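Since we're looking at a predicted model, the values are computed, not measured. Labels below follow one simple rule: chain letters A, B, ... track the order of the sequence lines, proteins then strands, and each chain is numbered from 1.
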2 protein chains.
Amino acid sequence: MAKQRQRLTDRKSKVTVSDVARLAEVSDSTVSRIMRGQGLVAEATREKVMATVRALGYVPNRIAGSLASLDSRLVGVVIPSLSNIVFPEILQGINAGLAGTNRQSVISVTDYDLDKEEVVVRNLLAWQPAAVLIAGSTHTEATQRMLENSGVRVVEFMEIDHKPIDAAVGFSHVSAGKAAVRHLLGRGYRRFGYVGYGGDKDLRALMRYRGMRYALAEAGLSFEAEVVSEGQTTVAKGRAQTAEICARAPDLDVLTFSNDDMAVGGLFHCMSAGIRVPDDLALFGFNGLDIGRALPQPLSTIRANRFEIGQRAVEACLSSEVRPDQPISIDTGFEIFEGATA
Amino acid sequence: MAKQRQRLTDRKSKVTVSDVARLAEVSDSTVSRIMRGQGLVAEATREKVMATVRALGYVPNRIAGSLASLDSRLVGVVIPSLSNIVFPEILQGINAGLAGTNRQSVISVTDYDLDKEEVVVRNLLAWQPAAVLIAGSTHTEATQRMLENSGVRVVEFMEIDHKPIDAAVGFSHVSAGKAAVRHLLGRGYRRFGYVGYGGDKDLRALMRYRGMRYALAEAGLSFEAEVVSEGQTTVAKGRAQTAEICARAPDLDVLTFSNDDMAVGGLFHCMSAGIRVPDDLALFGFNGLDIGRALPQPLSTIRANRFEIGQRAVEACLSSEVRPDQPISIDTGFEIFEGATA
DNA sequence: AGGTGCAATGATAGCGTTGCCATTACAAGC
DNA sequence: GCTTGTAATGGCAACGCTATCATTGCACCT
């Protein structure tokens, strides 16, 4: 005699396929087929079932569905921050790429912390995603191993300076740093200062910085002053740090910033302090943000197409279920925007 | 004789609890207990099992776990946009509130489109979230019904101008609009212009606008000119639209903007056009963004604590599994930031 | 010796769906 | 009439885990 277990049932009197099937006088299979829009179903049956679906307010349980079909339709996205406008822009590209597919993104934020990234990746993989899109190519050993062993497609976006696990989409930050400095050297600047943030947390900012130093060294130069802060990038920080570097090293030609937010802050300082830009001091940002273009004096900067990075990252992982034989890198490039501040 | 079905097995040679259990010579239950950190387990057993977990690279399948325990540990978050900095800030508050709990957020974006919101909510509910946090209180009828019938906790954040389904966290945008205008009237401004975006999409901007009109009408006044655009808020748009309104109505005292982005653009236009702020023309924004404070001339605006909104929204829905008898509204308030542009 | 209580572990039935057949109904062809 | 083919539907195990008992082993009492 079967013992009747009670379990957590009664919980929320959820409506299930079986409820719908019973009321519509069809089998579970038929309801399932209709809800998924797959397989052959007579029009009359479909209407009858849909009517009861509406009547009962049935919402399919994707958790059960994913378990049964062994496909979660999820794409995990791992980014370091949401407050840096750059990442929301990439997310828009990702969502655009995902639109029309039946895939859905799940976003996790690491706060530029590789240990947090490890936790976040573990949690993500537990949801059996079809693919993982992750910012950057520097991870803890454990993260690296998890991603490799997971078997799912992994696209590392933002940078292509390292060899990817599976695929990478972005551009070379080292090259971008070099390009910025070479451009400024070409315009005659010689006395460089650097204003940055993120310390050793924002690894891409660090790579650009390295590229800049490399290009300076080529010309027998180096940064004559640097002011770097921790934490997130803000206009206010850029302003304060620019004030500081100006006080510390008054004879600089040009300041390069870790990004546009900071550079805009720098410009605001100059406006307030009566420093003429670019005659007294030139400013050069990075990212090509909207705000830089709208300034009274458009900001000189390097522009990268972030929306495209997101979109192509999605394409890269949706193109095939299996990883390529050789890791692939997709270069989305960058361009110098001359502006009026350098 | 049992027929041996093949099914999609072999798929990814996934490691399961049973695999771990067999190798560690314990039962599935014990492995499960250890992975969840619940129930009594001898230290020696734990170590033995964890060793095999590491050896096999076992990652628990949360899909199966959620189905079995009838608890997904997911909190759905629905926001209109990621490019409007305001929402990432709220997300940070939400993540902060979720930290330490075992809950995890899942973010969906609606692009200020109520029909898209409906789709997004349906997809979210299919994942059986423990709660749904959704921006705003205006939804399609179907969305409203789904949320009501889902039985899960629902927190509508950003505004408290409407009666919520379950709970609301935010402030009154109508009051904020009124407060802005009354403040400006108090400072002697009489000839008002409005520069906005979002048309009838951004419903909260619209409510603030209504509040402004109401307060103007109280004083026997109205907007003498308005320039409104579609789409998302940008500094560039603010600049262009300010130029337009200045050309169209040169005698205005003060411009109120739908938000700070637009107002910053307005200030940039004034700088370029040689319009003295606030003597020739005063500017008043909304949101209290970081950039407004860092300007050479701090932007006059209204500040709301968005991080707190996110955090308290989480608190509200985690405090209890069941809805309160009466819908509750939590007012996080706002404050006028005097600044130097009005 | 025989109970008692508790720590530790095991066995198993679901959780709500879907994949994979099997089955039915009915029209067309011989 | 009897296959044969195809559209439509049904039955049921399996997905990987956890909730809920049941059981075992052992120290400690009386």
Side-chain angles (χ1 to χ4, degrees), chain A residues 1-22 24-49 53 56 58-73 125-128, chain B residues 1-22 24-49 53 56 58-73 125-128:
Chain A
M1 178 165 296
K3 203 178 300 175
Q4 205 46 44
R5 303 279 191 112
Q6 268 314 105
R7 226 177 162 178
L8 335 181
T9 316
D10 75 36
R11 251 182 60 96
K12 290 219 173 114
S13 64
K14 274 283 178 196
V15 184
T16 71
V17 259
S18 300
D19 297 327
V20 176
R22 201 176 318 118
E25 299 178 299
V26 294
S27 70
D28 292 14
S29 312
T30 301
V31 175
S32 176
R33 271 191 291 263
I34 291 172
M35 293 314 290
R36 279 174 299 139
Q38 263 187 32
L40 293 168
V41 185
E43 190 48 35
T45 316
R46 161 172 284 112
E47 276 163 22
K48 184 174 60 176
V49 170
V53 163
L56 294 179
Y58 170 65
V59 178
N61 184 332
R62 272 229 53 75
I63 292 182
S66 297
L67 182 59
S69 65
L70 299 179
D71 178 10
S72 70
R73 302 190 202 157
L125 290 177
W127 285 101
Q128 317 288 119
Chain B
M1 179 164 296
K3 203 177 301 176
Q4 203 49 41
R5 307 279 191 109
Q6 268 314 105
R7 227 181 159 175
L8 336 179
T9 315
D10 74 35
R11 250 183 59 97
K12 292 225 171 104
S13 64
K14 273 285 178 192
V15 184
T16 71
V17 260
S18 300
D19 296 327
V20 176
R22 201 176 317 119
E25 298 178 300
V26 295
S27 70
D28 292 15
S29 313
T30 301
V31 175
S32 175
R33 269 190 292 263
I34 291 172
M35 293 314 288
R36 278 175 298 138
Q38 262 188 31
L40 294 167
V41 184
E43 190 49 35
T45 316
R46 160 173 285 111
E47 276 164 22
K48 184 175 60 175
V49 170
V53 163
L56 293 179
Y58 170 64
V59 178
N61 183 332
R62 272 230 52 76
I63 291 182
S66 297
L67 182 59
S69 65
L70 299 178
D71 178 10
S72 70
R73 299 190 204 161
L125 290 177
W127 285 100
Q128 316 289 120

- line: Residue pair B:Ala64/B:Asp28 against DNA chain C: nearer the 5' end by closest nucleotide is B:Asp28
message: I'd like to know if A:Ser29 reaches the base of D:dG11 with its side chain such that a donor and an acceptor end up less than 3.5 angstrom apart.
response: yes
- prompt: In whole Å, what is the span from the CZ atom of B:Arg46 to the P atom of C:dA8?
  reply: 10 Å
- prompt: Nearest-Å distance, CG (A:Leu40) to C1' (C:dA25)?
  reply: 14 Å
- prompt: With no angle test and no hydrogens, is the base of C:dG19 tied to the side chain of A:Arg36 by a donor-acceptor pair under 3.5 Å?
  reply: no
- request: Assess the side chains of A:Ser32 and A:Ser29: does a donor N or O sit below 3.5 Å from an acceptor N or O?
  value: no
message: What I'd like to find out is whether the side chain of A:Val26 reaches to under 4.5 Å of the side chain of A:Lys48, using heavy atoms alone.
response: yes
task: Indicate whether OP1 or OP2 belonging to C:dT17 is found under 4.0 Å from a side-chain N or O atom of A:Tyr58.
output: yes
task: Look at the side-chain N and O atoms of A:Arg62 and state whether any lies under 4.0 Å from the OP1 or OP2 oxygen of C:dT17.
output: no
message: Taking atom types as they are modelled, would you say the side chain of B:Ser69 forms a donor-acceptor pair with the base of D:dA19 within the 3.5 Å cutoff?
response: no
message: Does A:Thr45 reach a base, just sugar-phosphate, or nothing at all? Heavy atoms under 4.0 Å.
response: sugar-phosphate
message: For a quick test of reading the model: is some side-chain N or O of A:Ser32 closer than 4.0 Å to OP1 or OP2 of C:dT18?
response: yes
query: Heavy atoms under 4.0 Å, any strand shown: does A:Ser66 hit a base, just sugar-phosphate, or nothing?
result: nothing
